[in-house]
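The next block holds one structure in the form of structure tokens; read it before the comments.
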Amino acid sequence: MTAWSRIAETLRVAWRCAGMARHALWAAKTRSLFVVAGVALGIASLTIIVAAVDGADRKANEMVALFGPDAALVLGGNIQTRAVGQRTLTLSYEDAAALRRSLPGAYLVVPMRSKSNVQVRYGGRVTQVPLVVGTTAGYARAWDWPLSEGRDLSEQDLTHSARVGLIGDTIAQELFGQQSPIGRTVLMDRFPVQIVGRLSYRGVTGGGGPVDDRIIMPITTLTKRFHLDRKYFRALRIKFHHPEYMSEHVANLRSLLRHLHGLRPEQEDDFTILTADEILQFLSTFKGGLVLFLGVTALVAMLVGGFVLANLFYLGVDERRAEIGLKMALGAPRWAILVQILLEAVGLTLIGAIFGMFLGIAMGQLLARLGVLEILFSWKVFGFALFASLAIGLIFGLKPARRAASMAPIDALKGS
Amino acid sequence: MSAKQPIICLQDIEKTFLLGDLTIEVLKGVSLDIGAGEFVALRGVSGSGKSTLMHILGLLDRPTGGRYLLQGEDVAALPDDRLSALRNRLFGFIFQTFHLIPYLSALDNVMLPGLYGATPARQLRRRAQELLSQVGLADRLHFRPGQLSGGQQQRVAMARALLNDPQVLLADEPTGQLDSATSTEIIALLKTIHSQGRTVILVTHDAATAESAEREVLLHDGLVQNR
Ligand SMILES: Nc1ncnc2c1ncn2[C@@H]1O[C@H](COP(=O)(O)OP(=O)(O)OP(=O)(O)O)[C@@H](O)[C@H]1O
Ligand SMILES: [Mg+2]
């Protein structure tokens, strides 16, 4: 017999063992069901964890893309050590002017103020706008947010406190439907504003909520009309050339601001600088917590499934002594018995994996719909689930399989 | 009419079981030659060690003493896998209790020994069908053992024993659980199997049944009494 024909024969016997495994599993339906259920729960958790981690990654990438890798956002006040009663209005127009003049590498410095929940009316239609942002010229450019129609805010709009605004795509849809909003005048708290530009649809949610339901106005207009503080604003958006030097840019920005605010070395910053890096860091901490929590859940569930399998199979092998002894008596080599029991174990865990994946996808969709988790399913999920179930089957099936294969044919046959 | 070259040669075979500190000597030195093509009845009262001897003959158990030469080869020296292969190709077993797999059909039960060999499945299936027809079960191919009578189950077991076309058929009390009419049919089948040129070893406690063989070996008190 050549080596090839020996391999072919071994494979044929192994394939036939798979057929026997199938029959045996079907004959022990209840036991099989328990194992499948145990493994399915584990794989479902694993499916969710992989999808949630991928979802968090996608979210992080979106947020970074939204934020811009070449940008920094300065907020008034220190969010890490925000003492009770500490001022958050620490950024002034003088600061902005000084940064424009002397911050190296910065090509755009855009101060921002915002007003939340403003009622906007056009004709008979009314809608509540969660966020009205006051800013200087070049908002669309500062946020890499192209306009789908019209024009950006200009320097003249600012100096004249013009009653003009850019409209978010969602609100434009709500108020104007299919019509173009450009040149139309809406009433914001009974104060007329002419729409000059429409921001293109972004669709992603940046941090707090949807970004497409906002209105952008000159900061001067906003301050006057809504009687906000005239000296200070809330946030400052800065864009830099050469994003590869972001850490140097941030260091310059920080020391310049500290100097402008007259802070002594022992004093804390009275502002907060956010960059894409920091957003990523925050998100990866969040992701780490997620992986830990779901990972422990998945591990426990899969171990439980594995132990259910090991125990039921151990008992099953005992119950099936007579069958195993008979097969040995009829000429089954020990490896064929081992292969059959292992295939039974792996077969069940693979079925468990399939059910588990569907269960996980269903639960993931539910969690995503409830807004608990960001979920992204990919082939990776299938890969992980298949690999994990295979491992459970082999690891936990091995002991019962070896026990079966090591039986003495006559003892097994007599059922002693 | 012992053949010139025995296919089976037992020399002083002993089998002792240990139960705690109790030793049970079942076989105390059995010597026996069986020639190729013989039909031998192995007779003895219940508990005399017939099944024990048959298990040793069929390579299901190892003796605790003595030598067993199978086709001139000492089986004590053979590795496990070789024993499996010999059980598979050389021997056909009919057990005292039928030992069919309850969740498999008659046909699948008969095919079982063939699954560990190289014969293609289609050929196995055809042979299993043929054998089941020969034992009169052509219309019961897809019945489970639980749906068959005792005599029918025993005939499924016989068909299974013949699947790999073995040289030696070992039958342990094949009629022990059957009524006399059915027993007669089974014995007739064994004679047919013998007439096909196979060695048949029939274990029985019944003198009348032993009559149907060419030669009788009487087992008593752990030893062979005659010849
Ligand atoms: N595994 C074992 N451990 C201890 N004693 C055993 C074992 N197997 C068989 N025996 C003993 O060996 C003796 C012979 O048993 P065996 O089954 O060979 O008898 P038998 O001749 O086939 O009887 P029967 O006609 O009832 O089938 C019995 O006394 C039995 O108790
Ligand atoms: Mg017996």
Side-chain angles (χ1 to χ4, degrees), chain A residues 1-2 4-32 316 319-340 343-344 402 404-416, chain B residues 15 17 19 51-63 79-105 108-121 124 144-146 157 160-164 166 170 172:
Chain A
M1 195 158 42
T2 67
W4 275 119
S5 68
R6 186 165 302 160
I7 290 172
E9 193 184 326
T10 306
L11 284 179
R12 190 203 317 252
V13 173
W15 172 250
R16 288 170 173 179
C17 286
M20 291 188 238
R22 189 169 53 85
H23 276 127
L25 289 181
W26 188 246
K29 288 191 242 344
T30 325
R31 196 186 63 201
S32 303
E319 271 168 32
R320 288 163 63 194
R321 272 176 167 276
E323 175 193 325
I324 293 161
L326 174 72
K327 284 181 176 165
M328 287 179 161
L330 297 181
R334 294 192 186 277
W335 68 262
I337 302 290
L338 187 88
V339 163
Q340 182 186 333
L343 285 175
E344 285 179 22
R402 289 178 63 153
S406 68
M407 286 179 178
I410 190 61
D411 292 344
L413 195 61
K414 281 184 177 175
S416 61
Chain B
K15 182 69 185 182
F17 290 105
L19 276 182
S51 294
T52 306
L53 183 58
M54 198 202 88
H55 293 147
I56 289 173
L57 285 172
L59 305 177
L60 288 168
D61 207 356
R62 290 180 187 268
D80 245 23
D81 278 2
R82 182 90 185 99
L83 295 183
S84 302
L86 282 170
R87 284 198 295 269
N88 192 233
R89 319 265 147 84
L90 191 66
F91 290 107
F93 290 97
I94 301 170
F95 297 100
Q96 195 163 357
T97 51
F98 315 121
H99 280 309
L100 298 173
I101 294 185
Y103 57 80
L104 293 182
S105 68
D108 283 334
N109 265 292
V110 172
M111 281 171 69
L112 198 57
L115 298 182
Y116 298 106
T119 318
L124 280 180
R144 301 259 172 99
R160 181 179 68 191
L162 294 175
L163 185 85
N164 281 344
L170 295 167
D172 191 356

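Protein chains get the first letters and strands the later ones, always in sequence-line order, with residue 1 at the start of each.
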| field | Choice from B/L86, B/N164, B/D81, B/D80 maximising heavy atom contacts with chain A below 4.5 Å | value | B/D80
Does any backbone or side-chain atom of [X] lie under 4.5 Å from a heavy atom of chain A? Answer side chain, backbone, both or neither.
{"X": "B/H55", "answer": "side chain"}
{"X": "B/T119", "answer": "backbone"}
{"X": "B/A161", "answer": "neither"}
{"X": "B/L83", "answer": "neither"}
{"X": "B/F91", "answer": "neither"}

Closest contact, heavy atoms only, [X] versus [Y]:
{"X": "A/L330", "Y": "B/R160", "answer": "CD1-CD, 3.7 Å"}
{"X": "A/M328", "Y": "B/R87", "answer": "O-NE, 2.8 Å"}
{"X": "A/E9", "Y": "B/A118", "answer": "CD-CB, 3.8 Å"}
{"X": "B/L60", "Y": "A/I410", "answer": "O-CB, 3.4 Å"}
{"X": "B/Y103", "Y": "A/A24", "answer": "OH-CB, 3.3 Å"}

| field | Under 4.5 Å from any heavy atom of chain B - which part of A/A8 | value | neither
| field | chain B contacts, top residue of A/G325, A/C17, A/A27, A/G19 (heavy-atom pairs, under 4.5 Å) | value | A/A27
| note | Scored by heavy-atom pairs under 4.5 Å with chain B, the best of A/A329, A/A408, A/P333, A/A336 is A/A329
| Measuring from B/L124:CG to A/R16:CZ, what's the distance to the nearest 0.5 Å? | 5.5 Å
| Just how far is it from atom NZ of A/K327 to atom CG of B/N88, taken to the nearest 0.5 Å? | 13.5 Å
| field | Heavy atoms of other groups near A/R402 CZ, more than 12 under 6.0 Å | value | no
| field | Residue pair B/I101 / A/H23, side-chain heavy-atom distance below 4.5 Å | value | no
| Side chains of A/L326 and B/L112: closer than 4.5 Å at any heavy-atom pair? | yes
